[in-house]
Structures are given as structure tokens and as C-alpha cells.
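Structure record follows, encoded as C-alpha cells.
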2 protein chains.
Amino acid sequence: MTVREQPAKEHRRTRQRAAVDDVLDETEDFISAQELHALLRARGAGVGLATVYRTLQTLADDGRVDVLRSDAGEAVYRRCVREEHHHHLVCRSCGATVEIAGPAVERWAKSVADQHGYSDVSHTLEIFGTCPRCAAA
Amino acid sequence: MTVREQPAKEHRRTRQRAAVDDVLDETEDFISAQELHALLRARGAGVGLATVYRTLQTLADDGRVDVLRSDAGEAVYRRCVREEHHHHLVCRSCGATVEIAGPAVERWAKSVADQHGYSDVSHTLEIFGTCPRCAAA
DNA sequence: GGTGGTTTTGACAATGGTTGTCAGTCTTGA
DNA sequence: TCAAGACTGACAACCATTGTCAAAACCACC
Ligand SMILES: [Zn+2]
Ligand SMILES: [Zn+2]
Ligand SMILES: [Zn+2]
Ligand SMILES: [Zn+2]
């Protein structure tokens, strides 16, 4: 029923994509396309805004970055350590992120959907709060 | 530490707000401001787009409607039956929504946040799938 | 049933993130 | 080296959402 998982179609290696990749590797927190673009421009390795968007889109499609929406509705991206499905505990003030696994929640979500006859199930789950460092200030 | 819960500041009852309210009462699924506006226009009871946005904003602030973001990032609104905190099981294709309570998940989210020293915690959790009716088609 | 002050409305402009366009450039495999 | 096609970037277009502000509606209170 579900489309077979594609083996991550190969993409060409370009200077622009490497630059975006580098930033993602160096950045702990979720970052928006606009921020990433500004960062690249600032560090000299300019990359077109459209290219930044396209690159992030591709990475997200391939599951190589996680995406979620900030309070303002802006899409923000992050290269996570964990490869497997997981969720995030994010600081509302500084963006500090902790990757979270919750097997019990996964099972619960699945069973809830089953109970109501919903198929092809996915879910979103994020936890927001104030991290210790920000709370101290 | 937390701001005291305000007693839902009183707002004036106007034709426009009543119209928006009516649509929300009659609508089972999550609906966007644009859709709501088009619906009102179609049914003759025209209401300015800005007013629709303002009204939904106010309702959301007062906790009288639930808001979440569609895949496209558009905000969608729904008047839920349950007054207390809850989550949703939403059909990706037709929007059919089931309200879900998950006490265990609530506790889990809180404990995860505690473990990492995060305070002032909130969370978002939605389950998406294909409802039985849509699966049949 | 008039009056002044406050709230609400709506047409329109402005904002801002995101996507579309398309001619020129770069990669890649042969 | 070369051609096919992927990639880029400046720019325009899109579109949900918010800001503006004068006119309209509303609400005591006289
Ligand atoms: Zn992640
Ligand atoms: Zn999960
Ligand atoms: Zn709800
Ligand atoms: Zn919850």
C-alpha cells in the first residue's frame, strides 16, 4: 500500500550544497532557510537564496535533516545525530535542542490510529520549554 | 511565576463574529481562515478577510478554538468538543478529525522535560493518517 | 434619542517566507 | 573533449497574514 522507500536518489556534489551542509554540521540548533542564507553570505561563501531553499528541501525529502515549524510558522531545519525516527525537546528562548526517543509514544500513536481505523499513519510531536541555561538568566 | 489566567476578556457580539462562530459550529474538520472567509462570502453573509483573521485569532487566544498547521504551513482552526487539553487524529485527505486524550503521553512529556532541566513546558502532538472512508475510495 | 468615547470593521497596502522562471553555468559519464 | 542534463541565481510571482486608518457600530450616560 505504501510507496516503496526510494534509496535516496543521488545528487550532484556542488560548492553550494557543500556549503549548506557545512553550516548544518556546525549548527546545534534549528535554523531557518533565511538565517542559513544570511550566515553563508556573511562568511563570504555566498549562495543564492533559492538554492538554499532547494537544497534544504532536498535534504528534508531525503530525510537527512529534520524540519519543524517555529512559532512564527517559519520552517526550521536541523541535522540530527540520531538517524532513526525521533522527536525534540526545544528551548523556546535559545533554541537548544535535545533529541528524544519515545517507543511507548510510538506504540500509543499507532494503536490510537488503529482503533479509529486510520491507516498510513504518521505523527508530529515536539516538546517546548525553557532550558536550564536560559532559566538561570 | 506564570501569569494568572485571565477570565476571558469580554468581547462584543457582532454580526461578523456570530457568522464566524456559526461556521465553526457547523464544521467538523479543521478549516483555514481563507476557506472560512470564502464560505461566508458564498453564503451571502460577507465578512471582511481581516475580520475573519482577527476573530479567529481572538478565539484562539481565548482557547475557544484549536489551531494547528496544515502540511502547507497554513493555520487551520476547529471548534472542539473537548474543552480540556487534547490532541488530534486527522485524516490527511479529507480532514476528518478525532479528538484524542493521552494522559500517559502528557506525563511522559513532562518527565522528559524534567530530566533535562527544561521548565515551563508545553508540547504539540498530532497524528495524521487516512480515515476509513478515504481508505475505501 | 442625543452624545461622546470606545470598539469593531473592511478595503487596501504592506510584509515576508516561499516557490516559479529561465538563461547561463557546472558536473558527469562516455 | 563533448553533449546531456542537472544546478544555479537574480528576479518576479505567490499567497497567507498583518498593519493602517477612516468610517460605522455600539454602549453607557445624560
Ligand atoms: Zn531530529
Ligand atoms: Zn514518533
Ligand atoms: Zn481539538
Ligand atoms: Zn498533550
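Chain letters run A, B, ... following the sequence lines, proteins first, then strands; residues in each count from 1.
As rounded to whole Å, 14 Å separates atom C1' of C:dG29 from atom CZ of A:Arg13. Going from atom CG of A:Leu56 over to atom P of C:dT18 covers 10 Å, rounded to whole Å. Note: NE2 (B:His37) to C1' (C:dC12) measures 13 Å, nearest angstrom. At whole-Å resolution of the value, CG in B:Asp71 and P in C:dT18 are 15 Å apart. In this entry the distance linking CD of B:Glu35 with C1' of D:dC15 reads 14 Å, nearest Å. Taking atom CG of A:Asp21 as the reference point, atom P of D:dC7 lies 14 Å away to the nearest angstrom.
Considering only side-chain N and O atoms, B:Arg15 lies under 4.0 angstrom from the phosphate OP1 or OP2 of C:dG10. B:Gln16 has no side-chain polar atom (N or O) that falls below the 4.0 Å cut-off from OP1 or OP2 of C:dT8. Contact annotation: A:Thr14 side-chain N/O to D:dT8 OP1/OP2 distance is under 4.0 Å. Between A:Arg17 and D:dT8 there is a side-chain N or O to OP1 or OP2 distance below 4.0 Å. Taking 4.0 angstrom as the limit, B:Gln57 places none of its side-chain polar atoms (N or O) nearer than this to OP1 or OP2 of D:dT17.
Checking side-chain atoms of B:Glu126 against main-chain N and O of B:His88 turns up a donor-acceptor pair under 3.5 Å. Side-chain N or O atoms of B:His37 include none that pairs as donor or acceptor with a backbone N or O of B:Val52 at under 3.5 Å. Distance alone, capped at 3.5 Å, places no donor-acceptor pair between the B:Thr130 side chain and the B:Cys134 backbone.
Across residues 43-53 of chain A, A:Val47, A:Gly48, A:Ala50, A:Thr51 each have a non-hydrogen atom less than 4.0 Å from an atom of DNA chain D (numbered order).
Side-chain proximity of B:Glu74 to the nucleotides D:dA6, D:dT17, D:dA25 is greatest for D:dT17.
Mapping A:Thr55 and A:Arg12 onto DNA chain D by nearest heavy atom places A:Arg12 at the nucleotide closer to the 5' end. If A:Arg54 and A:Gln34 are placed on DNA chain C by their nearest nucleotide, the residue sitting closer to the 5' end is A:Gln34.
Between A:Asp62 and A:His11 the shortest heavy-atom distance is OD2-NE2, 3.0 Å.
One finds no salt bridge joining B:Arg79 and B:Glu26 here, because no Lys/Arg side-chain nitrogen approaches an Asp/Glu carboxylate oxygen to under 4.0 Å.
B:Ala75 comes within contact range of the sugar-phosphate backbone alone, with a heavy-atom separation under 4.0 Å but no base atom that close.
Heavy-atom neighbours of A:Glu99 CD from other residues, nucleotides or ligands within 6.0 Å: above the threshold of 12.
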Take A:Lys110 and A:Asp114 through the test salt bridge (Lys or Arg N to Asp or Glu O under 4.0 Å) and record every step on the way to the result. CA-CA 6 Å; A:Lys110 182 69 169 57; A:Asp114 282 349; 3.1 Å; yes
